[in-house]
2 protein chains.
Amino acid sequence: MVSEAHKDLAGLMRGHGILPTQQRMMLAKVLFEQNGHFSADQLMRQVNGDSDRVSKATVYNTLGLFARQGLLREIIVDPTRVFYCTNTEPHHHLYNIDTGELQDIETDSLVISDLPALPEGTVADGVDVIIRVRNDSDVN
Amino acid sequence: MVSEAHKDLAGLMRGHGILPTQQRMMLAKVLFEQNGHFSADQLMRQVNGDSDRVSKATVYNTLGLFARQGLLREIIVDPTRVFYCTNTEPHHHLYNIDTGELQDIETDSLVISDLPALPEGTVADGVDVIIRVRNDSDVN
DNA sequence: GTCAGTGCAAACCCTTTGCAGAAAG
DNA sequence: CTTTCTGCAAAGGGTTTGCACTGAC
């Protein structure tokens, strides 16, 4: 079962032009068997419970690589850190500025119509919709 | 004329609970007589042409203060720097990831419907819509 | 054996902070 | 005079980089 999962993840990587090394497999295992949203720091802590099996540099390199190769989506919601989302389908996000929690919103519960014409010489790269919420008790 | 503009900006600040000091006036002059989108760095360069009239700390403090008091809107589109927008009406943004250019999109050219229910105990703080574009010639 | 990936530590860069001096009321 | 603001320089924190070592094939 573990070896099967490994095989799937390795195939997934190869299908996206990524060489499945040991460290990338460990990171992919945490990311794609769990799914959700991860910062570099969160991912590193989950992979390296006690010992240091994957270095910080490799975590950053791998997240950037996975995002470039379409395995992850980069989410810019917080000026202090970048999040990566395992859901590569079109969807939006809800961000709690108090807790730092980030969650998906399906596209069908939020419809965007009449996208404006883009400036000449540019092509769309993506549309990000972020609903920011804060805790009700906030004194603000 | 200059003194009139000063008076307007001073009144604007006082109306938002901000004490109009010399440095804040200089920054407000650049921001609100020009309008648009500014990073801390861009603003500082425009205020301090040659000499250093306003310090970096004061630029950051003032941008944060203006945003908190509703004179500016903070825009998170780039993991490397925060932008501030002088347009405080509801609107969206178009961001060119190649050039770093940021421009407004009027809300009526992009309609969002069916906002989902928010998680219990949270209140909306704002909705950000960012259309990312890149230059057509990009090799990607 | 060759080329790509990894780890470590240092460098980077935007932003924030501590504190002494200056300015506003 | 008291309180708030400003400036400087140093610290902070996420991210990137340089380079020698290791691993994949």
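Order of the sequence lines sets the chain letters (A, B, ...), proteins ahead of strands, with each chain counted from 1.
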Inset, instruction - Might you work through the side chain to side chain contact (heavy atoms under 4.5 Å, CB included) test for A:L9 and A:E33, ending with a clear yes or no? - result: CA-CA 9 Å; A:L9 291 173; A:E33 291 184 358; 4.1 Å; yes

Legend entry - A:V123/B:V133 under side chain to side chain contact (heavy atoms under 4.5 Å, CB included): CA gap, chis, key distance, verdict: CA-CA 5 Å; A:V123 292; B:V133 302; over 6 Å; no

Inset, instruction - Could you list the residues that satisfy ring-ring contact (aromatic ring centres under 6.0 Å, His included) with B:H16, not counting sequence neighbours? - result: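 ring-ring contact (aromatic ring centres under 6.0 Å, His included) check on B:H16 returns nothing, list empty.
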
Inset, instruction - Using ring-ring contact (aromatic ring centres under 6.0 Å, His included) as the criterion, list what pairs up with B:H37, not counting sequence neighbours. - result: B:H93

Just how far, in rounded Å, is [atom2] of [N] from [atom1] of [X]?
X     : N      : atom1 : atom2 : answer
A:M25 : D:dG23 : CE    : C1'   : 15 Å
A:F38 : D:dG14 : CZ    : P     : 18 Å
A:L65 : D:dT15 : CG    : C1'   : 16 Å
A:D41 : D:dG12 : CG    : P     : 17 Å
A:M44 : D:dG13 : CE    : P     : 14 Å

Inset, instruction - Scan for salt bridge (charged side-chain N to carboxylate O under 4.0 Å, His left out) pairs involving residues 38-48 of chain A, sequence neighbours excluded, and state none if there are none. - result: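 Only A:D41-A:R45 qualify under salt bridge (charged side-chain N to carboxylate O under 4.0 Å, His left out).
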
Inset, instruction - Would you work out how much the helix from C:dG1-D:dC25 to C:dG25-D:dC1 bends between its ends, with each end axis defined by five base pairs, to 10 degrees? - result: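 Terminal axis comparison yields 30°.
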
Whether [X] side chain and [Y] backbone form a donor-acceptor pair below 3.5 Å:
X     : Y     : result
B:T62 : B:V59 : no
B:Q42 : B:S39 : yes
B:R14 : B:P20 : no

Side-chain N or O of [X] closer than 4.0 Å to phosphate OP1/OP2 of [N]:
X     : N      : value
B:R24 : D:dC5  : yes
A:R14 : D:dC25 : yes
A:Y60 : D:dT16 : no

Which pairs, protein N/O on one side and nucleotides 7-10 of chain D N/O on the other, fall under 3.5 Å?
| residue | atom | partner | partner atom | Å |
| --- | --- | --- | --- | --- |
| D:dG7 | OP1 | B:Q23 | NE2 | 3.2 |
| D:dG7 | OP1 | B:R53 | O | 3.0 |
| D:dG7 | OP2 | B:S55 | N | 3.1 |
| D:dG7 | OP2 | B:S55 | OG | 3.1 |
| D:dG7 | OP2 | B:T58 | OG1 | 2.6 |

Legend entry - side chain to side chain donor-acceptor pair (under 3.5 Å) partners of residues 76-85 of chain A, not counting sequence neighbours, each pair once: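 Matches after skipping sequence neighbours: A:E74-A:Y84, A:D78-A:T80, A:D78-A:R81, A:D78-A:Y95.
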
Could you list all N or O pairs between the protein and nucleotides 20-22 of chain D that sit under 3.5 Å apart?
none

Legend entry - Distance-minimising heavy-atom pair for B:L118 and B:A124: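 Looks like CD1-N, 3.4 Å.
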
Legend entry - Closest non-hydrogen atom pair, A:L65 against A:I18: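 For A:L65 and A:I18, the tightest heavy-atom pair comes out as CD2-CG2, 3.9 Å.
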
Inset, instruction - Please figure out whether B:Q22 or B:R81 has its closest DNA chain C nucleotide nearer the 5' end. - result: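 The residue mapped nearer the 5' terminus is B:R81.
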
Inset, instruction - Would you jot down, in residue-number order, the residues of residues 66-80 of chain B having a non-hydrogen atom under 4.0 Å from DNA chain C? - result: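 Here the set is B:T80.
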
Legend entry - Partners passing salt bridge (Lys or Arg N to Asp or Glu O under 4.0 Å) against B:D52 (at least two apart in sequence or in another chain):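 By the salt bridge (Lys or Arg N to Asp or Glu O under 4.0 Å) rule, B:D52 matches no residue at all.
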
Inset, instruction - Would you please name every residue forming a salt bridge (Lys or Arg N to Asp or Glu O under 4.0 Å) with A:R73, sequence neighbours left out? - result: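 Checked A:R73 against salt bridge (Lys or Arg N to Asp or Glu O under 4.0 Å); matches are A:D128.
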
Legend entry - Summary of ring pair (Phe, Tyr, Trp, His ring centres under 6.0 Å) pairs that have at least one residue in residues 38-77 of chain A, sequence neighbours excluded: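 Every candidate ring pair (Phe, Tyr, Trp, His ring centres under 6.0 Å) pair involving residues 38-77 of chain A fails, so no pair, neighbours aside, qualifies.
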
Legend entry - N-O pairing of B:D98 and B:R134 below 4.0 Å: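 Not counted as a salt bridge, because no side-chain N and carboxylate O are separated by less than 4.0 Å.
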
Legend entry - Start and end of the DNA chain C segment that chain B contacts, any atom under 4.0 Å from a heavy atom: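 Going 5' to 3' along DNA chain C, contacts run C:dC14 to C:dG25.
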
